[in-house]
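Have a look at the structure below, then the notes.
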Amino acid sequence: MKSITVQQPEQLVIEDRPLPQPLAGEVRIRVVSAGICGSDVHIYRGHNPFAKYPRVIGHEFFGHIDAIGAGVPPSRIGERVVGDPVVSCGHCYPCQVGRPNVCSELSVIGVHRDGGFSEYITLPAQNAHRIPDSIPDDNATMVEPFTIAANICQQMAPGPLDIALVYGAGPMGLTTIQALRGVYGVKTIIAVDRIDERLAMAAANGADRTINNSQLDLASELHKLAIRPTLIVDAACHPAILPEAIGLASPAARIGIMGFSAEPCILNQQAITSKEITIYSSRLNSNRFPQVIEWMAARKISPEKLITHQFDFSQVIDAMKIFESDQKQCCKVLLKF
Ligand code: NAI
Ligand code: MN
Ligand code: ZN
């Protein structure tokens, strides 16, 4: 089978690998379609601190089960499925409290173990989630990115009274905006980005108002509009954002972060405590696949709005280049296997 492997940083190849056989409790998926994510590019460029090389990348993938290991019901063969990249131990403290996404022995498909940019992949049977026939292949490929939004929303519990502010209108900000609008029905959504084309996508994905903070000072703009956000999601993940968000937030607001920057940022306790602000952090997803599949089946979210490009997997290097260099036109890129 063909697999897309990063042999070491900056060395991405399509190589022949032996067809993997599912172990007990595993299934094998014949991959049909897979999405490129910023973290795939980070592994390619050597900027992911968790990655081990060589690595087959890819953690957003859809396909059909074509083989099963011992103990897996034969009826699963032929199922259309998406793969949850979070592989956890099931018995550590985070696993016991329902947070396998931060398992002490966490192994992420496409990062710590071989991923879905491959004609075939094996994974634990419980990580392969069945997709109803009503959801087309391309939309199904988008389940994983929406689980990131589902995870942060699950923690922050958005509601109809909320005035939400979302920093960053990349795939993560856009999935969050769609969930806030289509699932949680928040009152107002403001999107903030530095790129006008991305802000146009934010509006098309459900933002009521957009602000380009490379042209306007965000704090004074919000002040002018008399807006005090009650729920702020940082999907841009620059270390300067959290201190700014604390300043902008309404009393009793919640702030959610999902960045991995190791740069320090300066916060002061008074700014947080005087308004009793809650700060959440969110990594990957804790068993959010069934929820997102329900959202898709019920048409509460529109994954097709994010898909801007498709390539045959043999064109992966071109696909990666467009994904990295054209943030104005390019959002989600799918590879076809
Ligand atoms: P992206 O790079 O496509 O989007 C980021 C957007 O933020 C861009 O449109 C950019 O113009 C904008 N931006 C950058 N600095 C800004 C600032 N100071 N103010 C306003 N906008 C700003 O990235 P993507 O894929 O949407 O991911 C966003 C972030 O989420 C990344 O940092 C990524 O590492 C993180 N992430 C975290 C996950 C988690 O589970 N915690 C999962 C996936 C991504
Ligand atoms: Mn991803
Ligand atoms: Zn665990």
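Just so you know, ligand 1 is whichever comes first in the structure, and atom 1 is the first atom listed for that ligand. Numbers here are sequence positions counted from 1.
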> What ring pair (Phe, Tyr, Trp, His ring centres under 6.0 Å) pairs are there with at least one residue in residues 118-144, not counting sequence neighbours?
Replying inline: His129-Phe289
> What pair of heavy atoms forms the shortest contact from Gln178 to Pro303, and how long is it?
Replying inline: OE1-N, 4.2 Å
>> Please list the nearest protein heavy atom to atom 2 (O) of ligand 1 with its residue and the distance rounded to 0.1 Å.
In response: Gln327 NE2, 3.1 Å
> For atom 33 (C) of ligand 1, is the nearest protein heavy atom under 4.0 Å away?
Replying inline: no
> Within a radius of less than 6.0 Å around CZ of Arg209, do more than 12 heavy atoms belonging to other residues, nucleotides or ligands occur?
Replying inline: no
> Taking the minimum heavy-atom distance to atom 1 (P) of ligand 1, which of Arg198, Glu197, Met172, Glu324 ranks first?
Replying inline: Arg198
> For ligand 1, is any non-hydrogen atom under 4.0 Å from Asn213's backbone (N, CA, C, O), its side chain (CB onward), both, or neither?
Replying inline: side chain
> What protein heavy atom sits nearest atom 40 (O) of ligand 1, and how far away is it?
Replying inline: Leu284 N, 2.7 Å
>> Once you measure the plane-to-plane angle for Tyr184 and Trp295, does it fall in the parallel (<30°), tilted (30-60°) or perpendicular (>60°) bin?
In response: perpendicular
> Do Arg55 and Phe50 meet the cation-pi criteria used here (NZ or CZ under 6.0 Å from the six-membered ring centre, within 45° of the axis)?
Replying inline: no
> Tell me, which N, O or S atom in Glu60 is closest to the Mn ion (ligand 2)?
Replying inline: OE2
>> Within the 4.5 Å heavy-atom criterion, are His309 and Lys332 side-chain neighbours or not?
In response: no
> Which atoms of ligand 1 have any heavy atom of Ile195 under 4.0 Å away?
Replying inline: 11 (O)
>> Ignoring waters, how many N, O or S atoms from the protein are under 2.8 Å from the Zn ion (ligand 3)?
In response: 4
>> Using side-chain heavy atoms (C-beta onward) and a distance below 4.5 Å, is Met142 in contact with Asp138?
In response: no
>> Out of all atoms in ligand 1, which are within 4.0 Å of some heavy atom of Arg283? Include the element for each.
In response: 40 (O), 41 (N)
> In the protein, which heavy atom is nearest to atom 21 (N) of ligand 1, and how far is it?
Replying inline: Asp193 CA, 3.5 Å
>> Side chain or backbone, does Arg194 bring an N or O within less than 3.5 Å of an N or O on ligand 1?
In response: yes
>> Could you identify the single nearest non-hydrogen protein atom to atom 36 (N) of ligand 1 and state the distance to 0.1 Å?
In response: Met258 O, 3.9 Å
> Should Arg288 and Gln291 be marked as a side chain to side chain donor-acceptor pair (under 3.5 Å) after you check the CA-CA gap, both sets of side-chain angles, and the distance that decides it?
Replying inline: CA-CA 5 Å; Arg288 298 285 119 217; Gln291 181 182 30; 2.8 Å; yes
> When rounded to the nearest 0.5 angstrom, what is the spacing between OG1 in Thr188 and CG in Leu180?
Replying inline: 11.5 Å
>> So if I count the atoms of ligand 1 from 1 in the order they appear, which ones are less than 4.0 Å from some heavy atom of Ile148?
In response: 40 (O), 42 (C)
> In ligand 1, which numbered atoms sit nearer than 4.0 Å to a non-hydrogen atom of Val192?
Replying inline: 20 (C), 21 (N)
> Salt-bridged, Asp326 to Lys321, with N to O below 4.0 Å?
Replying inline: no
> To the nearest 0.1 Å, how far is atom 28 (C) of ligand 1 from its closest protein heavy atom, and which atom is that?
Replying inline: Ala235 O, 3.2 Å
>> By the side-chain hydrogen bond (donor to acceptor under 3.5 Å, both in side chains) test, which pairs, at least two apart or in different chains, include something from residues 82-101?
In response: Asp84-Asn285
>> Which residue and atom name correspond to the protein heavy atom nearest atom 29 (C) of ligand 1, and how close is it?
In response: Cys237 SG, 3.4 Å
> Which is closest to atom 23 (O) of ligand 1 in terms of heavy atoms, Ala169, Gly38, Pro171?
Replying inline: Pro171
>> Can you confirm whether the side chains of Ser33 and Asp137 place a donor and an acceptor under 3.5 Å from each other?
In response: no
>> Check Lys2 with Glu15, please: is the shortest side-chain N to carboxylate O separation under 4.0 Å?
In response: no
> Of the backbone atoms (N, CA, C, O) and the side-chain heavy atoms from C-beta on, which set of Ser282 has a member under 4.0 Å from an atom of ligand 1: side chain, backbone, both, or neither?
Replying inline: backbone
>> As an exercise, identify every atom of ligand 1 less than 4.0 angstrom from a heavy atom of Phe260.
In response: 37 (C), 39 (C), 41 (N)
>> Show the nearest heavy-atom pair for residues Arg299 and Asn139, with the distance to one decimal.
In response: NH1-ND2, 3.8 Å
>> Just to be sure I'm reading this right: ignoring hydrogens, which of Ser261, Ala236, Ala149, Gly256 gets closest to atom 14 (C) of ligand 1? Compare them by their nearest heavy atoms.
In response: Ala236
> Partners of Glu79 by side-chain contact (heavy atoms from CB on, under 4.5 Å), sequence neighbours excluded?
Replying inline: Ile65, Arg76, Val81, Arg130
> Which atoms form the tightest heavy-atom contact between Asp114 and Arg17, and what is the distance?
Replying inline: OD2-NH1, 2.9 Å
>> Working to 10°, measure the angle at the Mn ion (ligand 2) formed by atom SG of Cys37 and atom NE2 of His59.
In response: 100°
